[in-house]
Peer 1: 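Attaching a single structure in structure tokens format; questions to follow.
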There are 2 protein chains.
Amino acid sequence: MAHKQAYHHGDLRASIISAATARLELHGIEQLSLRKLAEDLGVSRTAPYHHFKDKNALLSAIAATGFENWKVTAQSIFEREDLPAKTRLTRFIHAYIHYAAQHPQLYDLMFGRTLWQHNNATEDLKAVAYPTFHYQVSMTRHWQQHGLLPADTDALRLAQVTWGTLHGIARLVIDGVYANSSHIDDMCDTAAALFMQQYRGAADPAG
Amino acid sequence: MAHKQAYHHGDLRASIISAATARLELHGIEQLSLRKLAEDLGVSRTAPYHHFKDKNALLSAIAATGFENWKVTAQSIFEREDLPAKTRLTRFIHAYIHYAAQHPQLYDLMFGRTLWQHNNATEDLKAVAYPTFHYQVSMTRHWQQHGLLPADTDALRLAQVTWGTLHGIARLVIDGVYANSSHIDDMCDTAAALFMQQYRGAADPAG
DNA sequence: ATGCAATATTGACAGTGTCAAGATAGATTT
DNA sequence: AAATCTATCTTGACACTGTCAATATTGCAT
């Protein structure tokens with residue numbers, strides 16, 4: 001990949017993203033500085049600016065990779081048509097919170113104010129993120145149709161609320177506000193039970 | 001309050017908190033700098049350090065006032081014993097999200113990673129915040145006992161999940177991730193319906 | 001009045017993101 | 001092969017940030 005000490009790094013953009021992701025997961029976003037990053041890569045302070053317009057652009061690129069990875073995981077659960085719908089929904093809930101708990105800094109970047117608050121997100125990031133959000137809605141609609149979630153509610157609103165539940169639990173855990181990470185699975189099961197109150201005791205429909 | 005141009009400000013600590021809160025709500029936490037704050041108050045850069053150990057201590061103090069205000073609002077709803085329990089729970093949900101939507105920056109400070117992640121919160125703040133968290137649990141237990149929330153679930157876990165739902169919706173709204181603030185009331189009603197699925201159509205018990 | 005503690009000040013340091021101007025090297029055209 | 005173009009990288013600089021150390025001023029208690 002990278003040459004020894006050439007004037008041109010060779011693959012600086014990818015190297016920056018990878019080093020930044022590593023630093024992010026390890027030390028948190030507060031410690032993620034472009035200058036330190038450049039130093040780690042043996043490159044001048046301003047070199048990254050030839051590959052990213054500014055820090056936000058780099059953060060957006062990191063978040064984008066996170067969305068791509070997450071979508072693979074989500075789909076691999078949602079599309080397991082051999083499993084009962086109820087199992088899939090429960091698994092999805094657990095997977096969501098565990099993803100957040102295992103990549104707290106990345107999750108914060110993907111779903112936090114840093115990128116979304118002042119429209120800081122790059123167009124590239126939006127192009128990856130928005131479909132993920134919409135995917136959440138279509139999953140919700142699917143679960144409504146299979147009787148797992150209340151059917152007499154607008155799918156978009158219900159998706160916002162159920163996603164909000166997962167998001168909120170994830171945030172409470174990763175931000176260290178109140179919940180403890182040792183309670184994760186209990187909370188997931190509780191959330192699943194709350195979602196599927198109607199469904200209790202009924203037979204599990206296929207699909 | 002403040003003297004004209006005296007060497008000693010007179011009431012600097014309170015002035016800082018008030019100015020900082022105003023700046024926070026107006027420009028966001030990213031723009032909240034101790035130096036600008038000092039300049040606004042006509043005081044040197046390091047003067048605030050005689051009243052707050054560091055920036056975290058100031059932020060903790062601001063958050064603490066937020067918790068005090070919120071607890072008043074929450075209690076004023078919860079203790080309205082003249083209203084049916086279902087109404088109170090619904091009102092509580094709306095009040096929670098509206099509080100967050102009306103004080104987005106303050107909410108972020110109160111319930112965000114800035115103060116809670118690396119144990120940055122002051123002991124003073126914890127002394128105010130933790131009771132608020134526990135209050136949430138006792139409200140949940142109360143609503144379980146009145147049949148509004150599933151009774152066969154551990155109150156602590158259920159509180160974490162229901163609070164998580166509100167927290168998640170609040171964050172999605174104030175962080176500008178997906179939900180739009182014009183959908184707030186719809187989302188609150190959807191959340192209320194999700195919580196009280198069992199309860200549908202049943203008569204509203206008093207208390 | 002004297003001394004002490006609270007409060008405020010200037011100076012300094014290390015750190016940040018990012019712009020401007022110039023250097024280098026690889027690719028493209030002539 | 002030579003010249004030019006363009007992507008890439010560099011140093012220098014600026015305006016910020018939080019915070020420490022040393023110093024000055026003031027009000028209060030003795």
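Throughout, a chain's letter reflects where its sequence line sits, starting with A, and its residues are numbered from 1. All values derive from a computational prediction rather than experimental measurement.
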Peer 1: Does a side-chain N or O from A:Lys36 land closer than 4.0 Å to OP1 or OP2 of C:dG15, or not?
Peer 2: no

Peer 1: When you measure from the side chain of B:His50, which nucleotide among C:dT7, C:dT16, D:dG18 comes out closest?
Peer 2: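 Nearest to the side-chain atoms of B:His50, counting from C-beta on, is C:dT7.
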
Peer 1: From CG of B:Leu59 over to C1' of D:dT17, roughly how many Å is that when rounded to an integer?
Peer 2: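 The distance from CG of B:Leu59 to C1' of D:dT17 comes to 14 Å, rounded to the nearest Å.
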
Peer 1: Donor-acceptor pair under 3.5 Å: do we get one between A:Arg35's side chain and the base of C:dG15?
Peer 2: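 Flag unset: no donor-acceptor pair detected.
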
Peer 1: Using a 4.5 Å cut-off on heavy atoms from C-beta on, say whether the side chain of A:Pro131 contacts that of A:Lys71.
Peer 2: yes

Peer 1: Please report, rounded to the nearest Å, how far the P atom of D:dT17 is from the CZ atom of B:Arg23.
Peer 2: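 Atom CZ in B:Arg23 sits about 9 Å away from atom P in D:dT17.
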
Peer 1: Whole Å only: how far is the OH atom of A:Tyr49 from the P atom of D:dA7?
Peer 2: 20 Å

Peer 1: The side chain of A:Leu34 lies closest to which of these nucleotides: D:dG18, D:dT10, C:dG17?
Peer 2: C:dG17

Peer 1: What's the closest nucleotide to the side chain of A:His51 if the choices are D:dC9, D:dT19, C:dA8?
Peer 2: D:dC9

Peer 1: Output the single nucleotide from D:dC9, D:dT17, C:dT18 whose closest atom is nearest the side chain of A:Asp54.
Peer 2: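 For the A:Asp54 side chain, the nearest candidate turns out to be C:dT18.
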
Peer 1: Rounded off to whole Å, could you give me the CG-to-P distance for the B:Asn120 and D:dG18 pair?
Peer 2: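 Atom CG in B:Asn120 sits about 15 Å away from atom P in D:dG18.
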
Peer 1: What's the closest nucleotide to the A:Val43 side chain, out of C:dG17, C:dA8, D:dT10?
Peer 2: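 Per side-chain heavy atoms of A:Val43, the pick is D:dT10.
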
Peer 1: Roughly how many Å is it from CG in A:Leu58 to P in C:dT16, rounded to a whole number?
Peer 2: 14 Å

Peer 1: Measuring only between side-chain heavy atoms, which start at C-beta, is B:Met196 closer than 4.5 Å to B:Thr90?
Peer 2: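 Yes, their side chains come closer than 4.5 Å.
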
Peer 1: Would you indicate, yes or no, if C:dT16 has its OP1 or OP2 atom less than 4.0 angstrom from a side-chain nitrogen or oxygen of A:Lys55?
Peer 2: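 No, no such contact exists.
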
Peer 1: Provide, to the nearest angstrom, the distance between the CG atom belonging to A:Asp11 and the P atom belonging to D:dT8.
Peer 2: 11 Å

Peer 1: Can you see whether B:Lys126 engages B:Asn119 through a side-chain donor-acceptor pair at a distance of less than 3.5 angstrom?
Peer 2: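 Present: a donor and an acceptor within the cut-off.
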
Peer 1: Scan B:Leu37 against the nucleic acid and name what it touches under 4.0 Å (heavy atoms): base, sugar-phosphate only, or nothing.
Peer 2: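 No contact.
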
Peer 1: Would you tell me if any nitrogen or oxygen in the side chain of B:Thr46 comes within less than 4.0 Å of OP1 or OP2 on C:dT9?
Peer 2: no

Peer 1: Among C:dT16, D:dG18, C:dA12, which is the nearest nucleotide to the side chain of B:Arg45?
Peer 2: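 My answer, after comparing the listed nucleotides, is C:dA12.
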
Peer 1: Taking atom types as modelled, is there a side-chain donor on B:Tyr107 or B:Trp70 under 3.5 Å from an acceptor on the other?
Peer 2: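 No.
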
Peer 1: Check the distance between D:dC20's P and B:Phe52's CZ and give it to me in whole angstrom.
Peer 2: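 For the pair B:Phe52 CZ and D:dC20 P, the rounded distance is 16 Å.
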
Peer 1: Can you tell me the distance, in whole Å, between the CZ atom of A:Arg13 and the P atom of D:dC9?
Peer 2: 13 Å

Peer 1: For atom CD of A:Glu39, is the number of surrounding heavy atoms from other residues, nucleotides or ligands below 6.0 Å larger than 12?
Peer 2: no

Peer 1: Give one of base, sugar-phosphate or nothing for B:Lys53, where a contact means two heavy atoms less than 4.0 Å apart.
Peer 2: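 No contact.
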
Peer 1: B:Ser44 near the nucleic acid: base, sugar-phosphate alone, or nothing, with a heavy-atom cut-off under 4.0 Å?
Peer 2: base

Peer 1: With a 4.0 Å cut-off on N to O distance, would you call B:Arg171 and B:Asp108 a salt bridge?
Peer 2: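 Salt bridge flag = yes for B:Asp108 with B:Arg171.
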
